[in-house]
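None of these values were measured; they are calculated from a predicted model.
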Amino acid sequence: MEIGVGATAGPVEAATSWGFWSRLPRLEDGRLVGAFVPFRDGFLTAGASRGGAEQVRCGTLVAGEACAFDVRPGRTAAAGAGAMVVASAPDGSDTATVGFLEAQRS
C-alpha cells in the first residue's frame with residue numbers, strides 16, 4: 001500500500017511532528033543528502049548530537065514543499081551516525097530533532 005500526504009520526492013520513509021522524510025538523511029560519498037517535506041516554514045540544519053561541531057544548514061523549509069539537500073557536511077561528517085537533523089522555526093522559537101544521520105549503505 002502506498003499513501004500520499006503531500007509534495008514528495010519519493011515514498012514516505014518516516015514522519016515527525018514537523019513533516020515527513022521522502023529520503024531519510026544519510027552520508028553518501030562524503031556528502032549529506034536527504035529530502036524532507038515540512039508542515040510549516042523554518043530551517044533544516046545538521047550537527048553532532050553532543051555539540052561541539054559546526055551546524056550545517058541543509059535548507060530553508062517552506063510548508064508543503066520538498067526540501068531536498070545535498071551538502072558537504074564539513075566536521076559533521078566525522079560525527080557519522082551520531083549526528084542529528086533539526087528543524088527550527090524562522091525566529092528560533094521552536095526547534096525539534098527530526099532525524100538522525102544514517103551511514104552510507106553498501
Trainee: Hydrophobic cluster membership, with links at side-chain heavy-atom distances under 4.5 Å among I/L/V/M/F/W/Y: are Leu32 and Leu44 in one?
Mentor: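 Yes, Leu32 connects to Leu44 through the hydrophobic network.
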Trainee: Within the 4.5 Å heavy-atom criterion, are Thr45 and Val56 side-chain neighbours or not?
Mentor: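 Side-chain contact under 4.5 Å: no.
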Trainee: Who pairs with Arg57 by salt bridge (charged side-chain N to carboxylate O under 4.0 Å, His left out), at least two apart in sequence or on another chain?
Mentor: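 None.
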Trainee: Return the CZ to OG1 distance between Phe43 and Thr60, rounded to the nearest 0.5 Å.
Mentor: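 That separation rounds to 5.0 Å.
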Trainee: For a quick test of reading the model, state the closest non-hydrogen atom pair linking Ser22 to Glu13 and the distance between them.
Mentor: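 Reported closest heavy-atom pair: O-OE2, 3.7 Å.
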Trainee: Going by the rule side-chain contact (heavy atoms from CB on, under 4.5 Å), which residues pair with Ala96 if we only count those two or more places apart in sequence or in a different chain?
Mentor: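 Per chain and number, Ala96 pairs via side-chain contact (heavy atoms from CB on, under 4.5 Å) with Trp18.
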Trainee: Looking only at heavy atoms, what is the nearest atom pair of Gly42 and Pro90, with distance?
Mentor: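 Scanning both residues, the minimum pair turns out to be CA-CD, 3.8 Å.
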Trainee: What residues form a side-chain contact (heavy atoms from CB on, under 4.5 Å) with Thr97, not counting sequence neighbours?
Mentor: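 For Thr97, the residues satisfying side-chain contact (heavy atoms from CB on, under 4.5 Å) (neighbours in sequence not counted) are Met84, Val86, Phe100.
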Trainee: Can you name the residues that form a salt bridge (charged side-chain N to carboxylate O under 4.0 Å, His left out) with Asp41, not counting sequence neighbours?
Mentor: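 Partners of Asp41 under the salt bridge (charged side-chain N to carboxylate O under 4.0 Å, His left out) test: none.
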Trainee: With sequence neighbours left out, which residue pairs that include part of residues 85-94 fulfil the side-chain hydrogen bond (donor to acceptor under 3.5 Å, both in side chains) condition?
Mentor: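 Of all non-adjacent pairs touching residues 85-94, those that pass side-chain hydrogen bond (donor to acceptor under 3.5 Å, both in side chains) are Arg40-Asp94, Asp91-Ser93.
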Trainee: Compare all side-chain heavy atoms of Val98 with those of Phe36 and state whether any distance is below 4.5 angstrom.
Mentor: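 Yes, close enough: below the 4.5 Å cut-off.
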Trainee: First locate atom CH2 of Trp21, then atom CZ of Arg26, and finally report the distance between them rounded to the nearest 0.5 Å.
Mentor: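 Answer rounded to 0.5 Å: 10.0 Å.
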Trainee: Please determine whether residues Val37 and Val12 belong to a single hydrophobic cluster, defined as Ile, Leu, Val, Met, Phe, Trp and Tyr linked transitively by side-chain heavy-atom distances below 4.5 Å.
Mentor: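 Yes; Val12 is reachable from Val37 via cluster members.
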Trainee: Any idea which heavy atoms bring Gln55 and Gly47 closest together, and the distance?
Mentor: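 Of all heavy-atom pairs spanning Gln55 and Gly47, the closest is NE2-CA, 3.7 Å.
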Trainee: Any chance you could measure Asp70, atom CG, to Arg23, atom CZ, to the nearest 0.5 Å?
Mentor: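 It is 8.0 Å, given to the nearest 0.5 Å.
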Trainee: Side chains of Pro25 and Phe69, heavy atoms from C-beta outward: is any pair under 4.5 Å?
Mentor: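 When only atoms from C-beta onward are counted, Phe69 and Pro25 do touch, with a gap below 4.5 Å.
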